Number of protein chains: 2
Amino acid sequence: MGCKIEEFQQEQKKRMRAVQDSMDTLNGKWKISIISSICCYKKRRFSDILNDIEGISNRMLSKELKELEINKLVKRTVLDTQPITVQYELTEHGDTLQTIISNLTDWGILHRNKIVGK
Amino acid sequence: MGCKIEEFQQEQKKRMRAVQDSMDTLNGKWKISIISSICCYKKRRFSDILNDIEGISNRMLSKELKELEINKLVKRTVLDTQPITVQYELTEHGDTLQTIISNLTDWGILHRNKIVGK
DNA sequence: AATAACAGTAACATAGAGGTAACCAAGTAA
DNA sequence: TTACTTGGTTACCTCTATGTTACTGTTATT
């Protein structure tokens, strides 16, 4: 039968795994920029995002978008236009990231002040 | 003179940089585990952390601790014992991470349920 | 005299993240 | 006819993060 300490350690392991899950989904040099770009305009085409984010290549954008789609954060829609355009938008689940991103923003500012020394 | 759109874009860039600052300080395969270990016991020695985290090597622990120290999240104290022991604890600044880690935990659980499908 | 604990460091190896450049197919404007 | 736009894919290369193993110096224990 599990004693209190074992239970606590199990809980702790679960929490660690959860944090790592979050970090993994947000990781990749461009993910947060991409999410922000889409979020900012609600709906955004591939080439628009490519222009929004300076420095990103089409290869990386394609790759990161795929991962975001797999993680159900972003929805991809092919529009029947000429030439074909593809629209990306956040899913409901993607929207739930906003609190986290907002917290990361706040802490990042705090941290920079602390390190650089205002 | 900057128009509204330019100002907005500048703000957006700052926010992006802030998020990346946060992600960068938390990145590294073991950082969050290390922070959690120290946080859990308030004060923790090198070899204790090494035992707390399964899979980490002394090389990586040393390296990650250094980065955490540079980022003023962790304080290192050499104790005058035999043999010498080194104590690590969170700084006040390190403590401010708790909200973020807690948010990342919550979202990670939510996300896993969404992806695995409960 | 040999071994172990402590807190690391040094040397080397490898997988994977990310960068660069070229290419594809379909349609369209010059 | 040529070149451009759109949304990618493919091949190749490099660099960094991490892993593995062995080693350091000091003191205490056996």
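Because the structure is predicted, anything quoted here is derived from the model rather than measured. A note on names: the letters A, B, ... follow the listed sequences, proteins ahead of strands, and every chain is numbered from 1.
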Between A:Q82 and A:M60, which has a closest nucleotide on DNA chain C that is more 5'?
->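 Whichever sits nearer the 5' end wins; that is A:M60.
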Using only side-chain N and O atoms of [X], determine if any of them is under 4.0 Å from OP1 or OP2 of [N].
X	N	value
B:S62	C:dA7	no
A:K29	D:dT16	no
B:K63	D:dG19	no

Has the side chain of A:N58 got a donor or acceptor that lies under 3.5 Å from a partner of the other kind on the base of D:dG8?
->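 Answer is yes: a donor-acceptor pair is held.
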Look at the side chain of B:R59 against the base of D:dT20 and say whether a donor-acceptor pair falls under 3.5 Å; ignore hydrogens and angles.
->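 By the distance-only test, yes, there is a pair.
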Figure out the [atom1]/[atom2] separation between [X] and [N], and round it to whole Å.
X	N	atom1	atom2	result
A:E67	D:dG8	CD	C1'	16 Å
A:I84	D:dT9	CD1	P	13 Å
A:I49	D:dG8	CD1	P	9 Å
B:D48	C:dA7	CG	P	8 Å
A:R44	D:dT6	CZ	C1'	15 Å
A:R45	D:dG8	CZ	C1'	14 Å
B:L65	C:dT9	CG	P	10 Å
B:I56	C:dA7	CD1	P	14 Å

Which of these, B:T85, B:N58, B:N51, sits in a side chain to side chain contact (heavy atoms under 4.5 Å, CB included) with B:F46?
->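 Between B:F46 and the candidates, side chain to side chain contact (heavy atoms under 4.5 Å, CB included) is satisfied uniquely by B:N58.
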Any Lys/Arg nitrogen of B:E89 or B:R44 sitting under 4.0 Å from an Asp/Glu carboxylate oxygen of the other?
->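 Looking at B:E89 and B:R44, the cut-off is not met.
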B:S57 near the nucleic acid: base, sugar-phosphate alone, or nothing, with a heavy-atom cut-off under 4.0 Å?
->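 Counting heavy atoms under 4.0 Å across all strands, the contact made by B:S57 includes a base.
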Spatial distance of atom CG (B:L104) from atom CE (A:M23) [nearest 0.5 Å] =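 CE of A:M23 is found 6.5 Å from CG of B:L104.
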If you only use heavy atoms from C-beta on, which nucleotide in [options] is closest to the side chain of [X]?
X	options	value
A:R76	D:dT6, C:dT9, D:dG8	D:dG8
B:V86	C:dG8, C:dG19, D:dT9	C:dG8
B:S47	C:dC6, D:dG7, D:dG19	C:dC6

A:R112 versus B:D21, closest heavy-atom pair with distance |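 Heavy atoms of A:R112 and B:D21 come nearest at NE-OD2, 2.8 Å.
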Would you check, one step at a time, whether the test salt bridge (charged side-chain N to carboxylate O under 4.0 Å, His left out) holds for B:K75 with B:E92?
-> CA-CA 10 Å; B:K75 190 185 156 203; B:E92 260 186 60; over 6 Å; no
